[in-house]
Amino acid sequence: PLFNEPGHRIIAPLSYLEERGVTFIIEPNSLMLLNDQLKWWVENAIWDDLNNFHMNLDKPIDGKILRDARLVGIPIANEYTLLVWYLTENDEINRIIEMNNFTMIELKRP
């Protein structure tokens with residue numbers, strides 16, 4: 001399927017969301033950005049900025065520590081971009097991202 005059942009970050013740990021194949025983690029309260037702010041994120045985002053998603057990044061998933069993360073900027077209206085964590089890759093979603101030229105930000109654990 002293109003989209004899986006939604007996960008809920010308050011009660012679902014990152015390992016559960018990954019296990020369920022959740023595609024995106026969305027945090028609209030802090031990551032709905034004006035388009036001007038998106039440029040800052042592209043140029044300056046660091047691993048610790050993932051704390052905006054309120055997930056425990058240091059808890060192992062299947063015995064492995066998360067080493068990288070991909071963020072996608074999805075345009076909302078003319079002046080806003082919603083920055084989402086692209087957790088579980090999907091070929092169809094990759095095609096949509098590429099076709100629409102969405103902004104991608106790759107973050108690596110230091």
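Of the possible donor and acceptor atoms, one in the side chain of Gln37 sits under 3.5 Å from a partner among the backbone N and O of Leu34. Side-chain atoms of Asn52 come within 3.5 Å of backbone N or O of Asp49 as a donor-acceptor pair. Of the possible polar contacts, none joining the Asn100 side chain to the Phe102 backbone as a donor-acceptor pair under 3.5 Å is found.
Using a 4.0 Å cut-off between a side-chain N of Lys or Arg and a carboxylate O of Asp or Glu, Arg95 and Glu98 do not qualify as a salt bridge.
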*Please test Arg109 against Asp48 for salt bridge (charged side-chain N to carboxylate O under 4.0 Å, His left out), starting from the C-alpha separation and ending with a verdict.*
CA-CA 8 Å; Arg109 181 183 289 272; Asp48 287 344; over 6 Å; no

*Given the rule in the side chain to side chain contact (heavy atoms under 4.5 Å, CB included) test, do Tyr86 and Leu71 qualify, once you have shown the distances and angles that lead to the verdict?*
CA-CA 6 Å; Tyr86 188 17; Leu71 303 180; over 6 Å; no

*side chain to side chain contact (heavy atoms under 4.5 Å, CB included) between Arg70 and Ile105, worked out*: CA-CA 6 Å; Arg70 298 176 77 189; Ile105 301 171; over 6 Å; no

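Going from atom CZ of Phe24 over to atom CH2 of Trp85 covers 13.5 Å, rounded to the nearest 0.5 Å. Atom CD1 of residue Ile97 and atom CD of residue Glu92 lie 10.5 Å apart, to the nearest 0.5 angstrom. Distance CD1/Ile25 to CG/Leu87: 4.5 Å, rounded to 0.5 Å.
At least one side-chain heavy atom of Leu33 sits less than 4.5 Å from a side-chain heavy atom of Trp41. In this structure, Leu31 and Phe53 have side chains that are in contact, with non-hydrogen atoms separated by less than 4.5 Å. Side chains of Glu89 and Asn94 form a contact here, defined as non-hydrogen atoms less than 4.5 Å apart.
In this structure, a donor-acceptor pair under 3.5 Å is present between the side chains of Asn35 and Thr81.
Screening Val84, Leu83, Thr103, Ile96 for a side chain to side chain contact (heavy atoms under 4.5 Å, CB included) involving Ile74 leaves a single residue, Val84.
Taking the salt bridge (charged side-chain N to carboxylate O under 4.0 Å, His left out) definition, one finds that Lys108 meets it with Asp68, sequence neighbours left out.
Closest of all the heavy-atom pairs between Leu107 and Ala45 is CD2-O, 3.6 Å. In terms of heavy atoms, Trp47 sits closest to Ala69 at CZ3-N, 3.9 Å.
By the neighbour-count criterion of 12 heavy atoms within 6.0 Å, atom CG of Asn44 is densely surrounded, having more than that number from other residues, nucleotides or ligands.
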